[in-house]
Every structure is written in C-alpha cells, then in structure tokens.
Visitor: 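Take this structure first; my questions come after.
Hydrogens, waters and symmetry mates play no part in the numbers below; they use all other heavy atoms, side chains included. If you're wondering where the values come from, they're calculated on a predicted model, not measured in any experiment.
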Amino acid sequence: MSIDVKYTATATATGGRDGAARSDDGRLEVKLSTPKELGGAGGDGTNPEQMFAAGYSACFIGAMKVAGMQLKIKVPDNASVTAKVGIGPRSAGGFGITAALAVSLPGLDRDQAQKVVDTAHQICPYSNATRGNVDVQLSVV
C-alpha cells in the first residue's frame with residue numbers, strides 16, 4: 001500500500017523508559033518514567049502508553065469528524081474519547097499492547113453514534129496502524 005505523506009512528525013527519545021523525549025520543533029518535551037506496575041520507580045514522568053492513549057484518542061476524534069461529514073451526521077463539539085492502553089507480556093513472547101476507546105457523542109442516538117464510531121475506525125490512522133496486531137475495543141458511552 002502506498003501512502004501520500006503530507007506531514008512527518010519527528011521526535012527523539014534518550015534513556016529509554018526512564019529518560020526523555022522531545023520533538024524536533026520543541027513543542028513536545030517530556031520526562032519519561034517507568035510505571036511501578038512494570039517494575040519501575042513510578043516517578044513524575046509520562047510513559048509511551050500514556051502518549052499513545054492521548055494520540056489515539058485525539059486522532060479518533062478527528063476521524064469521527066471526517067466520518068460525520070461522510071455520513072451527514074454532525075459530530076458534537078463536546079465529543080470525547082477516553083483511550084485506555086494496556087501493556088504486558090504476550091503468550092508468544094515479548095510484550096504487546098491493548099487499546100480500549102470509550103466514545104461519548106452527546107446528543108446522538110445510539111445508532112448514529114455507532115455508525116460514526118464504526119466509520120471512524122476505518123478512517124483513523126491509529127486504527128489502521130493497529131488493525132490485525134493490537135486488540136482494540138470500541139464502546140459508545
């Protein structure tokens with residue numbers, strides 16, 4: 001599959017899960033820390049799973065807006081997506097992640113909301129990147 005790239009984000013991490021990450025333009029600069037649940041000290045930094053959850057939830061809202069235009073369903077301005085990203089050992093070895101997106105579309109009936117969510121899941125770059133490799137659960141709340 002060919003992709004016509006319109007934008008490229010660049011970030012550099014140092015020190016792994018207990019280091020730091022910074023975008024090349026300086027707009028993103030974060031301290032990283034390993035959660036206690038993964039054997040780390042915890043600390044006051046963020047972690048890759050939190051950043052993935054934030055990115056996926058924001059991206060999915062954008063995909064819902066596109067889906068809404070295609071379906072002629074107005075996505076409410078106060079739509080929200082809460083992403084939960086889990087990490088743990090895989091039965092096949094190594095580690096893997098899971099994702100669960102809880103989508104709130106106030107003012108839409110359940111059928112309309114489900115159509116928007118299902119269509120957005122086909123549009124969203126994060127959904128397309130994870131499809132077939134990451135267990136993604138979608139729910140309308």
Visitor: S57 side chain to A54 main-chain N or O, any donor-acceptor pair under 3.5 Å?
Guide: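 Yes.
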Visitor: What distance separates K115 NZ from Q70 CD, expressed to the nearest 0.5 Å?
Guide: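 Those atoms lie 14.0 Å apart.
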Visitor: Is a donor on one side and an acceptor on the other found under 3.5 Å between the side chain of T130 and the backbone of V134?
Guide: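 Checked: no pair found.
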Visitor: Apply salt bridge (Lys or Arg N to Asp or Glu O under 4.0 Å) to K65 and list each qualifying residue two or more places apart in sequence or on a separate chain.
Guide: none
Visitor: Measuring from R22:CZ to T14:OG1, what's the distance to the nearest 0.5 Å?
Guide: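 Those atoms lie 11.0 Å apart.
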Visitor: Donor-acceptor pair, distance only, cut-off 3.5 Å: does the side chain of Q122 make one with the backbone of T119?
Guide: no
Visitor: Over all heavy atoms of both residues, which pair between F60 and L138 is shortest? Give the atoms and the distance, please.
Guide: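 Where F60 meets L138 most closely, the heavy atoms are CZ-CD2, 4.2 Å.
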Visitor: Can you name the residues that form a salt bridge (Lys or Arg N to Asp or Glu O under 4.0 Å) with K74, not counting sequence neighbours?
Guide: D77
Visitor: Side-chain heavy atoms under 4.5 Å apart, restricted to Ile/Leu/Val/Met/Phe/Trp/Tyr: what other residues fall into the cluster of V66, or is it alone?
Guide: M69, I123
Visitor: To the nearest 0.5 angstrom, please state how far the CD1 atom of I87 sits from the CG atom of N47.
Guide: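 Those atoms lie 8.0 Å apart.
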Visitor: Can you name the closest pair of heavy atoms from P35 and R17 and give their distance?
Guide: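 It is CD-NH1, 4.5 Å.
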Visitor: For side-chain contact (heavy atoms from CB on, under 4.5 Å), just list the numbers for L101 and H121, CA-CA rounded to whole Å, side-chain angles, deciding distance to a tenth of an Å, and then say yes or no.
Guide: CA-CA 10 Å; L101 305 183; H121 192 47; 5.7 Å; no
Visitor: Walk me through it: do L105 and V140 pass the test side-chain contact (heavy atoms from CB on, under 4.5 Å)?
Guide: CA-CA 8 Å; L105 292 162; V140 175; 5.5 Å; no
Visitor: Taking all heavy atoms of C124 and all of C59, pick out the closest pair and write down the distance.
Guide: SG-SG, 3.6 Å
Visitor: For R110, give me all partners under salt bridge (Lys or Arg N to Asp or Glu O under 4.0 Å), at least two apart in sequence or on another chain.
Guide: none
Visitor: Tell me who clusters with L32, hydrophobic residues only, linked when side chains sit under 4.5 Å apart either directly or through other members.
Guide: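 Hydrophobic cluster check, L32: joined to L28, V30, M51.
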Visitor: Between V85 and Y56, does the side-chain contact (heavy atoms from CB on, under 4.5 Å) criterion hold? Intermediate values first, please.
Guide: CA-CA 9 Å; V85 173; Y56 201 166; 5.6 Å; no
Visitor: Please name the pair of heavy atoms, one in R27 and one in D25, separated by the smallest distance, quoted to 0.1 Å.
Guide: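 Closest pair (atom of R27, atom of D25, distance): N-OD1, 3.0 Å.
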Visitor: Check the orientation of Y126 and F52. Use parallel for under 30°, tilted for 30 to 60°, and perpendicular for over 60°.
Guide: perpendicular
Visitor: Could you tell me which residues satisfy salt bridge (Lys or Arg N to Asp or Glu O under 4.0 Å) with R131, sequence neighbours excluded, listed by chain and number?
Guide: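 Scan of R131 (salt bridge (Lys or Arg N to Asp or Glu O under 4.0 Å), adjacent residues dropped) gives none.
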Visitor: Go through the side-chain N and O atoms of T34 and D18 and say whether any donor and acceptor fall under 3.5 Å apart.
Guide: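 Yes, side-chain donor-acceptor contact under 3.5 Å.
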Visitor: Distance-only, no hydrogens or angles: does the S23 side chain make a donor-acceptor pair with backbone N or O of A11 under 3.5 Å?
Guide: no
Visitor: If you measure from NZ on K31 to CG on D44, what distance do you get to the nearest 0.5 Å?
Guide: 4.0 Å
Visitor: Between M64 and I61, is any pair of side-chain heavy atoms under 4.5 Å apart?
Guide: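 In short, these two side chains touch, coming nearer than 4.5 Å.
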